[in-house]
Amino acid sequence: MTVAYDCDENVVEVRVYLKELEVVGAALMRVEGKQEPPYQESKACMPMDDPCIKRSLRASKGDVSKAAKLLQSMLTWRSELNYSTLTVSEFEPEIKSGKMYVQGNDAAGRSILVTRKRSEQPSDLGFDHYMRHLAFTLETASRQMKGGAEAWVWIMDMGCMTRANSPPLSTSMATLTVLSSHFPERLHTCFFVDAPVIFGYLWAALSPFIDAVTKQKVIFVKSSEWRARMAAKAAGGGEGGGAASAAAAGSAVVPDGRDFADYWSVFDSPYSEADYRALLSSFGWT
């Protein structure tokens with residue numbers, strides 16, 4: 001009989017192993033005359049509940065020691081980022097522009113993340129600011145989950161991406177690390193919409209560092225094909241026909257039924273700063 005990676009027995013073992021890592025790490029830091037890591041502050045921002053541990057176990061393919069070390073890494077990262085100091089006021093430019101935000105849930109309760117690539121160049125606020133805003137948005141998406149959902153759907157609107165506003169490869173690599181190491185098993189689907197040729201070069205550079213399971217969650221779509229398809233459906237012609245419909249169906253449907261049609265209305269809706277501020281307020285962000 002095959003035992004699930006995230007079975008209750010493994011959860012208990014991870015808790016024991018993580019405690020041992022914490023005790024040993026604190027002892028070593030005291031010997032070296034260093035301050036103990038502020039784990040309590042991190043734990044307040046990331047409750048070590050069973051779902052959290054099970055996600056780490058799944059990401060580690062059931063390896064208890066790897067799962068515990070992954071959790072410890074998450075706690076350390078949150079401490080280094082000063083996670084508890086994240087506030088709405090710190091990200092006023094991003095909230096006003098709607099570059100990256102959370103917009104509701106799908107039918108299964110998954111949070112829906114939206115990134116709108118803008119025509120302007122990357123922010124001059126720096127890498128650290130970007131990482132804090134990324135953490136702020138991903139934490140908001142985590143809090144937005146409903147009905148027991150644990151993963152989000154991410155819509156990446158890449159239509160305005162150019163060489164001038166393309167992020168450095170190092171920033172894209174750091175984003176991958178955050179997603180895989182600090183928010184493991186949180187991605188359900190990522191739709192890249194209208195990705196230009198320049199994105200192909202970035203994707204080629206990143207692909208070797210993305211595991212096969214995650215790659216299966218990435219879907220490329222063209223908004224023009226979907227706009228024609230949805231217009232035909234609204235006009236009473238089903239979901240469209242001809243080349244546009246065939247292309248849309250071929251590029252946007254995966255075996256488990258993740259269909260861009262379920263997220264078209266989110267993609268096609270304008271960003272509402274007021275609605276997003278209300279959502280942030282509902283989760284206690286100040």
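To the nearest 0.5 Å, atom CD of residue Gln216 and atom CG of residue Asp211 are 9.0 Å apart. Atoms CE and CZ, on Met173 and Phe209 in that order, are 4.5 Å from each other to the nearest 0.5 Å. Residue Ile210 holds its CD1 atom at 5.0 Å from CG of Leu176, rounded to the nearest 0.5 Å. One distance of note links CG of Leu71 with OG1 of Thr76; it measures 10.5 Å at 0.5 Å rounding. Separation of atoms CZ (Arg143) and CG (Leu280) is listed at 9.5 Å; rounding is to 0.5 Å. Distance CD1/Ile155 to CH2/Trp264: 10.0 Å, rounded to 0.5 Å.
Ring pair Tyr130/Phe127 is tilted by interplanar angle, where 30° to 60° counts as tilted. Using a 30° and 60° split on the angle between ring planes, Phe260 and Trp226 fall in the perpendicular class, above 60°.
Every residue two or more places apart in sequence or in another chain that forms a side chain to side chain donor-acceptor pair (under 3.5 Å) with Trp285 is listed here: Thr140.
At least one side-chain heavy atom of Glu139 sits less than 4.5 Å from a side-chain heavy atom of Tyr83. At least one side-chain heavy atom of Leu206 sits under 4.5 Å from a side-chain heavy atom of Leu169. Side-chain contact between Tyr263 and Val114 is absent, with no heavy-atom pair separated by less than 4.5 Å. Counting heavy atoms from C-beta outward, Leu179 and Leu134 have side chains that stay 4.5 Å or more apart. Put simply, the side chain of Glu150 does not reach to within 4.5 Å of the side chain of Met145, judged on heavy atoms. Pro167 places a side-chain heavy atom less than 4.5 Å from the side chain of Lys117. Looking at heavy atoms from C-beta onward, Gln103 lies out of side-chain contact with Phe267 at the 4.5 angstrom threshold.
Residue pairs meeting the salt bridge (Lys or Arg N to Asp or Glu O under 4.0 Å) criterion with at least one member in residues 175-191, sequence neighbours excluded: Arg58-Glu185.
Judged by distance alone, the side chain of Tyr271 and the main-chain N or O of Met100 form no donor-acceptor pair under 3.5 Å. In this structure, Ser73 contributes its side chain and Lys69 its backbone to no donor-acceptor pair below 3.5 Å. Remark: the backbone N or O of Asn105 is not paired with any side-chain donor or acceptor of Lys146 at under 3.5 angstrom.
Applying the 6.0 Å contact sphere to NZ of Lys61 captures no more than 12 heavy atoms from other residues, nucleotides or ligands. Counted within 6.0 Å of NZ on Lys66, heavy atoms from surrounding residues, nucleotides or ligands total 12 or fewer; the atom is thus considered open. Within 6.0 Å of atom CZ in Phe283, more than 12 heavy atoms from other residues, nucleotides or ligands are found, so the atom counts as buried in its surroundings.
Side-chain atoms of Arg132 and Thr85 form a donor-acceptor pair, as typed in the model, at a separation below 3.5 Å.
Ion pairing between Asp49 and Arg55 fails under the 4.0 Å rule for side-chain N and carboxylate O. A salt bridge between Asp50 and Lys54 is absent, with no side-chain N of the basic residue lying under 4.0 Å from a carboxylate O of the acidic one. We find that Arg229 and Glu225 are not joined by a salt bridge, their nearest charged nitrogen and carboxylate oxygen being 4.0 Å or further apart.
Note on Val178: it does not cluster hydrophobically with Val213, by side-chain heavy-atom contacts below 4.5 Å among ILVMFWY residues. Hydrophobic clustering keeps Val64 apart from Val12 (ILVMFWY residues linked when any side-chain heavy atoms are closer than 4.5 Å, directly or through intermediates).
Figure legend: cation-pi geometry between Arg78 and Phe183, with NZ or CZ positioned under 6.0 Å from the six-membered ring centre and within 45° of its axis.
When all heavy atoms of Met74 and Cys52 are compared, the pair lying nearest together is CE-SG, 4.3 Å. Heavy atoms only, all atoms of each residue included: Cys190 and Met156 are closest at SG-CG, 3.8 Å. The shortest non-hydrogen separation linking Asp63 to Ser65 is OD1-OG, 2.8 Å. Of all heavy-atom pairs between Phe191 and Asp259, the closest is CZ-C, 4.1 Å. Scanning both residues, Pro93 and Glu90, for their nearest heavy atoms gives CD-O, 4.5 Å. Contact detail for Ala141 and Trp152: the closest heavy-atom pair is CB-CE3, 3.6 Å.
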>> For Tyr101 and Asp275: C-alpha separation, side-chain torsions, deciding distance, then whether side chain to side chain contact (heavy atoms under 4.5 Å, CB included) applies.
In response: CA-CA 11 Å; Tyr101 57 96; Asp275 288 349; over 6 Å; no
> Under the side chain to side chain contact (heavy atoms under 4.5 Å, CB included) criterion, do Ser56 and Val14 qualify, and how do the steps go?
Replying inline: CA-CA 9 Å; Ser56 295; Val14 168; over 6 Å; no
>> Does Gln144 form a side chain to side chain contact (heavy atoms under 4.5 Å, CB included) with Leu279? I'd like the steps, not just the answer.
In response: CA-CA 9 Å; Gln144 175 69 11; Leu279 183 145; 3.5 Å; yes
>> If you apply the rule side chain to side chain contact (heavy atoms under 4.5 Å, CB included), what do you find for Tyr276 with Val102, and how did you get there?
In response: CA-CA 7 Å; Tyr276 190 41; Val102 180; 4.2 Å; yes
Just list the side-chain donor-acceptor pairs under 3.5 Å for residues 193-200, sequence neighbours left out, or say none.
residue: Asp194; atom: OD1; partner: Ser223; partner atom: N; Å: 2.8
residue: Asp194; atom: OD1; partner: Ser223; partner atom: OG; Å: 3.3
residue: Asp194; atom: OD2; partner: Ser223; partner atom: OG; Å: 2.6

